[in-house]
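Below, chains carry the letters A, B, ... as their sequence lines are ordered, and counting in each starts from 1.
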2 protein chains.
Amino acid sequence: MRYRKIPDESIRRLPVYLRGLLYFAETGAKGVSSEKLADFLHFNPAQIRKDFSYFGYFGIRGVGYDVNTLIKQTRNILKLGNKHKTALIGAGNLGKAILAYPGFGVYGFEILAVFDSDQAKIGKKISGRTVEDVSNLRTLKKRGISLGIVATPAPAAQQVADALVDAGITGILNFAPHHLIVPKKVKVITIDIAMELGRLPYYA
Amino acid sequence: MRYRKIPDESIRRLPVYLRGLLYFAETGAKGVSSEKLADFLHFNPAQIRKDFSYFGYFGIRGVGYDVNTLIKQTRNILKLGNKHKTALIGAGNLGKAILAYPGFGVYGFEILAVFDSDQAKIGKKISGRTVEDVSNLRTLKKRGISLGIVATPAPAAQQVADALVDAGITGILNFAPHHLIVPKKVKVITIDIAMELGRLPYYA
DNA sequence: TTGTGCTTGTGCTCACAATCACAAAGTAAG
DNA sequence: CTTACTTTGTGATTGTGAGCACAAGCACAA
Ligand SMILES: NC(=O)c1ccc[n+]([C@@H]2O[C@H](COP(=O)([O-])OP(=O)(O)OC[C@H]3O[C@@H](n4cnc5c(N)ncnc54)[C@H](O)[C@@H]3O)[C@@H](O)[C@H]2O)c1
Ligand SMILES: NC(=O)c1ccc[n+]([C@@H]2O[C@H](COP(=O)([O-])OP(=O)(O)OC[C@H]3O[C@@H](n4cnc5c(N)ncnc54)[C@H](O)[C@@H]3O)[C@@H](O)[C@H]2O)c1
């Protein structure tokens, strides 16, 4: 828009703003100011305004933002408008938790396929999805699945990522504590849970 | 040390360095250079050197770092030297996955207690631990448990955090998508999984 | 139409973080 | 001892983001 570059940190905050906005929508509020939203989410109001201003003029001075409009716009920015078909690879402990979690729905994600390499798991149903053989990952393209969640052990993560890339995936959420090498056009976000816990004692 | 302030981002990276160092130790390597470690973890070598240099002189010029010494020093910095007794609150899908995960052990964490509010779960065993009633959280202090992992639904998270603070906890790893308000002396790290997934389509 | 009050949108400044590039300091060989 | 080579440790530079403080703009009342 009228800015050159959009900070990555702003993108990171948008899903949080969306969660806050959905809360206000639930309470029946029509409008919300940057201050009210900031109070709820514990952010700085100016930061919220600036983050949104990177993408357009969504508010009305002296009034605030219309909740439903801003929700729609935020979904637009994050490309959450249409449903996102997602596959999970690795139906272990963490994988099962993710499959059971309904919270991804509000962002428009649908986990439609589950893959594993363990013959004992293949064919079994987990949270309504049948576990498939990981060697069938190439079918993702045909099925219009464009995102992958990697919940395999670290040593298997890179080869799974390679297969996902071959299957035409555009984004990967990776839980394995391992850096994934992928083509530039594919975005990887890694959540290293143990790492986060590992820095907690430092602050005590 | 000879620097005024230690960047928070450096602290964040140390557990990752530790993971890399443990890998090199496993392979039997005695020494490692910042470049080799950087290659493995996909970091900038200068950044690794600088991060460590905030805490002391651990390397030998022209040679590199001794793997085992650096592991020990990193554990020291992160205060992972002695075992950290940890409690999990919320024995749901995510909680069960965390209890089953052995990977926290390498950082010295032991999950010794599990709490839930669901009468149907209290008394049951999960991964070798007996689920206790959440109203008994105050016993944590006596038991020397100083860290808490919150895996309850968002609406319950704040009251659980309050109880943890009352029980003398010094750090919380929070999985609920909700900002926790705690005294300054208590450190909270929140992992919002859905938020991370929510920004993935933006980059596609 | 003018004034008052409110909230947005943003220029500017400060703070923090990443990276570069090189002196310092070690090893090893002659 | 001197030279060549290696890798650390860090000053200096560049890049990125957070937050303040205020002008701009809208609503509403008189
Ligand atoms: N569970 C946790 O709380 C937790 C915490 C931190 C990190 N992690 C990370 O998340 C990942 C999954 O953890 P988990 O506890 O669910 O492990 P898990 O062992 O319970 O599950 C891993 C699953 O991946 C499957 N698998 C192995 N190789 C595969 C391959 N090549 N293709 C497809 N599937 C394959 C296994 O059959 C198994 O079902 C690991 O990388 C782990 O380090 C988990
Ligand atoms: N499962 C996932 O993949 C996932 C993904 C993203 C975020 N999360 C978040 O992690 C948290 C846990 O998710 P989950 O899937 O395990 O949910 P869950 O519903 O399976 O488990 C929640 C557990 O917390 C217990 N609980 C409720 N109130 C409590 C209280 N006051 N004190 C103690 N225990 C209480 C419940 O009895 C239940 O056992 C939620 O906040 C969720 O939003 C989970």
Side-chain angles (χ1 to χ4, degrees), chain A residues 1-17 20-21 24 29-71 73-74 77 179 199 202-203, chain B residues 1-17 20-21 24 29-71 73-74 77 179 199 202-203:
Chain A
M1 197 77 23
R2 63 232 102 102
Y3 296 94
R4 333 290 141 90
K5 209 191 161 280
I6 292 153
D8 218 49
E9 294 300 311
S10 299
I11 303 299
R12 177 184 288 271
R13 285 186 289 269
L14 286 177
V16 183
Y17 298 163
L21 290 168
F24 278 100
K30 295 282 292 173
V32 68
S33 67
S34 61
E35 195 182 342
K36 271 200 246 166
L37 188 57
D39 277 355
F40 179 69
L41 295 170
H42 295 89
F43 278 92
N44 180 308
Q47 189 168 62
I48 293 179
R49 293 198 296 278
K50 194 165 227 181
D51 284 343
F52 280 119
S53 80
Y54 287 115
F55 301 96
Y57 302 93
F58 301 130
I60 300 171
R61 297 178 189 216
V63 178
Y65 300 90
D66 178 77
V67 174
N68 287 318
T69 307
L70 199 54
I71 287 174
Q73 293 290 354
T74 308
I77 296 165
H179 183 268
R199 71 196 169 94
Y202 173 83
Y203 299 97
Chain B
M1 199 68 36
R2 60 232 102 104
Y3 296 94
R4 328 296 144 87
K5 207 187 161 286
I6 291 152
D8 218 48
E9 294 300 312
S10 299
I11 303 300
R12 177 184 289 271
R13 285 186 290 268
L14 286 177
V16 184
Y17 298 162
L21 290 167
F24 278 100
K30 293 282 292 173
V32 68
S33 67
S34 61
E35 194 182 343
K36 271 199 244 164
L37 188 57
D39 278 355
F40 178 70
L41 296 170
H42 295 89
F43 279 92
N44 179 311
Q47 189 169 62
I48 293 180
R49 291 199 297 277
K50 192 162 229 182
D51 284 344
F52 280 119
S53 81
Y54 287 115
F55 301 95
Y57 303 92
F58 301 130
I60 300 172
R61 298 178 189 215
V63 178
Y65 300 90
D66 178 76
V67 173
N68 286 317
T69 307
L70 198 54
I71 286 173
Q73 293 292 353
T74 309
I77 297 164
H179 183 269
R199 72 196 169 94
Y202 174 84
Y203 298 96

*Quickly work out the B:F58 CZ to D:dG9 P distance and round it to whole Å.*
9 Å

Could you give the side-chain donor-acceptor pairs of residues 34-47 of chain B under 3.5 Å, partners two or more places apart or in another chain?
{"from": "B:S34", "atom 1": "OG", "to": "B:R49", "atom 2": "NH1", "distance (Å)": "2.9"}
{"from": "B:H42", "atom 1": "ND1", "to": "A:H179", "atom 2": "ND1", "distance (Å)": "3.1"}
{"from": "B:N44", "atom 1": "OD1", "to": "B:A46", "atom 2": "N", "distance (Å)": "2.7"}
{"from": "B:N44", "atom 1": "OD1", "to": "B:Q47", "atom 2": "N", "distance (Å)": "3.4"}

_Residue list, side chain to side chain donor-acceptor pair (under 3.5 Å) with B:D51, at least two apart or on another chain_ = B:S10, B:R13, B:Y17

*Send over the distance from B:R49 CZ to D:dT7 C1', rounded to a whole Å.*
7 Å

*Determine whether any donor atom in the side chain of A:K50 lies under 3.5 Å from an acceptor atom in the base of C:dG11, or the reverse, and answer yes or no.*
yes

_Spacing of A:I48 atom CD1 relative to D:dG19 atom C1', expressed in whole Å_ = 13 Å

*May I ask you to say what A:R12 touches in the nucleic acid, namely base, sugar-phosphate or nothing, with a heavy-atom cut-off under 4.0 Å?*
nothing

_Non-hydrogen side-chain atoms of A:F55 and A:T74 separated by less than 4.5 Å_ = no

*Using atom CD1 of A:I11 as one end and atom P of D:dT16 as the other, report the distance to the nearest whole Å.*
15 Å

_Pair assignment for D:dT2, Watson-Crick or G-U wobble, requiring both distances under 3.5 Å_ = C:dA29

*Non-neighbouring partners of A:Y65 that pass side chain to side chain donor-acceptor pair (under 3.5 Å), sequence neighbours left out*: none

*asked:* Just verifying a value: how many Å separate B:I71 CD1 and B:F24 CZ, rounded to the nearest 0.5 Å?
replied: 10.5 Å

*In whole angstrom, give the distance that lies between atom CZ of A:F43 and atom P of D:dG19.*
10 Å

_Shortest non-hydrogen separation from B:I6 to B:I11 and the atoms involved_ = CG2-CD1, 3.9 Å

_Tell me the interatomic distance from A:N44, atom CG, to D:dA21, atom C1', rounded to whole angstroms._
12 Å

*Go through residues 33-41 of chain A and report each residue with a non-hydrogen atom lying under 4.0 Å from DNA chain C, sorted by number.*
A:S33, A:S34

*Could you give me the CA-CA distance, side-chain angles and deciding distance for A:L14 and A:Y54, then say whether side-chain contact (heavy atoms from CB on, under 4.5 Å) is met?*
CA-CA 11 Å; A:L14 286 177; A:Y54 287 115; over 6 Å; no

*Integer-rounded Å distance: C:dG9 C1' and A:L70 CG*: 14 Å

*Partner set under side chain to side chain donor-acceptor pair (under 3.5 Å) for B:N68, not counting sequence neighbours*: none

*Do any of residues 60-67 of chain A sit with a heavy atom less than 4.0 Å from DNA chain D, and if so which?*
A:I60, A:R61, A:G62, A:V63

*Between P of C:dA17 and CG of A:D8, the distance in whole Å*: 16 Å

*Spell out yes or no: do the side chain of A:K5 and the base of D:dT16 have one donor N/O and one acceptor N/O closer than 3.5 Å?*
no

*Where each residue is assigned the nucleotide of DNA chain D containing its nearest heavy atom, which of A:Q47 and B:V32 is assigned the position nearer the 5′ end?*
B:V32

*Picking from C:dG9, D:dT10, D:dG17, which would you name as closest to the side chain of B:Y57?*
D:dT10

*Specify the closest pair of heavy atoms between B:D66 and B:T69, including all atoms of both residues, with the distance to one decimal.*
OD2-OG1, 2.7 Å

